[in-house]
There are 2 protein chains.
Amino acid sequence: MTTLSSKAGTKGVPRADREQQILAAATEEFGRHGYEATTVAAIAARVGVTKPLLHQYFGSKEGLYLACLDPIGDRLLDAIRTAMAGHDAAAPPTPLRVLDALFTALDGQRRAWFVLYDPTLPPGSDAAQRAAHYRDAIDGLAATGTAELLHTAGTTDPLDADALKHAWRGLCTALVRWWIDHPDQSPEAMTRRCTRLIEAAHTIFAPGDDTT
Amino acid sequence: MTTLSSKAGTKGVPRADREQQILAAATEEFGRHGYEATTVAAIAARVGVTKPLLHQYFGSKEGLYLACLDPIGDRLLDAIRTAMAGHDAAAPPTPLRVLDALFTALDGQRRAWFVLYDPTLPPGSDAAQRAAHYRDAIDGLAATGTAELLHTAGTTDPLDADALKHAWRGLCTALVRWWIDHPDQSPEAMTRRCTRLIEAAHTIFAPGDDTT
DNA sequence: AAGGTAATTTACCACTGGGTAAGTTCAATT
DNA sequence: AATTGAACTTACCCAGTGGTAAATTACCTT
């Protein structure tokens, strides 16, 4: 017996490396199909490894998700925070700086955005709570931004501010999705495109430009 | 024997009525959790009925989804089409008319929007194709709108138009989602809110308003 | 060489969820 | 009252998926 031609045994990949590979694959799968529709086996297959290894390394499907979520959440949060903090007078307006920060932070793992904004997380689960925590943190930043902007525009309704916050989030999501469908676009190109679009939108909604 | 206290047998609800109840429940569930995460049993329970009845009436989970999709798709498509067609000179700008049409068409079944824009449909399935067909039809309308608007703004890049189309779709989605979270808001109130927000956004991105 | 340990697989269990077969109750017709 | 057909359920099968136990291989030390 012996030598049943079993493929078991180490493949010489140290644990830390393997974990990174798994996290990358999991982020891709979670981001592409959502938590619910993602199978552990699919992630394993993507790495070229079998299911039990993932369970040994990350405990459970949810553990694996959380391991993906944390770095993503931190990275995005940091990026947005710094984008909103440092504002020269001569810098582009805040929304554009935030978009630029997003594109830069997501480059190389664009689908990571949808790991954070995954609607299929089991409600009440640890994963859902952690994801919500990160989203709330980001929303908090967005809230100060939108509130400030609305204030300068003279609007005071707090519901308006909340709706605008959500609208902004939806805009970001849509832009990231479009970006995913156009892999050749660099982050910088995206930022420039957004600049153009905002400018265009501005012209469109400004019929009172020639207020004689 | 007999009378094992079985709850089987007709409940006096004619098929057509029951089908409508089921479709309403299914639309709600599909819209709330997405196709993948929705279970047929959950829909049945919501109606107060058991699984096999749904299969008898609609064939399969996918059949049930398609039966939900068609009326929704047609309704939305019609609403948007008429909103884009009839434009007085004195009417509000097209995007706002479209939003108003959306809110009116979705009132009473707001989650229906997410039946159409369900990212968890099994790729390649009949359901995914039909949903894509409706989305494309709507996108087609949006495309003519955005292209026209971009043209007046002087932008010519077709990718810009495509991106704006997606951004607009994302905006609509976000607004509908916010609306779902605020059930007390009437469609008209939503339209007014959007009018205010667009106006505010316009002021914000117009630093060159006071070009003395 | 022998032994230990890390990396990895094979083989399995339990549960859930879509789907089906067959039976059960009710109401209208004959 | 007996017959038929529509509405509906109980009980079941089967595939897929998360998860686990135990075995297998390879490297590193002594």
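Side-chain atoms are counted along with the backbone in the values below, which use heavy atoms only and exclude waters and symmetry mates. To find a chain, count down the sequence lines: A is the first, B the second, and so on, and within it residues start at 1.
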Can you tell me the distance, in whole Å, between the [atom1] atom of [X] and the [atom2] atom of [N]?
| X | N | atom1 | atom2 | value |
| --- | --- | --- | --- | --- |
| A/Tyr57 | C/dT8 | OH | P | 5 Å |
| A/Ile22 | C/dA7 | CD1 | C1' | 11 Å |
| B/Glu19 | D/dA6 | CD | P | 13 Å |
| A/Gln21 | C/dA7 | CD | P | 13 Å |
| A/Gln56 | D/dA22 | CD | P | 14 Å |
| A/Glu62 | D/dT17 | CD | C1' | 16 Å |
| A/His55 | C/dT9 | NE2 | C1' | 15 Å |
| B/Leu64 | C/dG19 | CG | C1' | 14 Å |

### Message
Nearest heavy atom decides the nucleotide; on that basis, is B/Leu53 or A/Glu36 closer to the 5' end of DNA chain D?
### Response
B/Leu53
### Query
Of the nucleotides C/dG19, D/dT10, D/dG19, which has the atom closest to the B/Pro52 side chain?
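So the nucleotide nearest the side chain must be D/dT10.
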## Note on the structure
With the side chain defined as heavy atoms from C-beta on, A/Arg15 is closest, among D/dC8, C/dA7, C/dG17, to C/dA7
#### Entry: Contact under 4.0 Å: A/Arg18 side-chain N or O vs C/dA6 OP1/OP2
no
### Message
Would you say B/Thr50 places a side-chain N or O within less than 4.0 Å of OP1 or OP2 belonging to D/dC8?
### Response
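Answer no for this pair, as no side-chain N or O of B/Thr50 is under 4.0 Å from OP1 or OP2.
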### Query
In a check of side chain to side chain contact (heavy atoms under 4.5 Å, CB included) between A/Tyr134 and each of A/Leu76, A/Ile72, A/Asp70, which one passes?
A/Asp70
### Query
When rounded to the nearest 0.5 angstrom, what is the spacing between CD in A/Glu29 and OH in A/Tyr35?
14.0 Å
### Query
Does the A/Tyr65 side chain pair with the main chain of A/Ser60, one donor and one acceptor, at a distance under 3.5 Å?
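Looks like no, no N/O pair under 3.5 Å.
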### Message
So that I can tick it off, tell me whether B/Glu188 and B/Arg192 are bridged by a salt bridge, with the cut-off set at under 4.0 angstrom between side-chain N and carboxylate O.
### Response
no
#### Entry: Listed partners of B/Arg111 passing salt bridge (Lys or Arg N to Asp or Glu O under 4.0 Å), at least two apart
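In terms of salt bridge (Lys or Arg N to Asp or Glu O under 4.0 Å), with neighbours along the sequence ignored, B/Arg111 is linked to B/Glu28.
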### Query
Hey, which of these two, B/Tyr35 or B/Gly12, hits DNA chain C nearer its 5' end, going by closest nucleotide?
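The residue mapped nearer the 5' terminus is B/Tyr35.
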### Quiz item: A/Lys51 side-chain donor-acceptor pair to D/dG19 base, under 3.5 Å
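Pair found.
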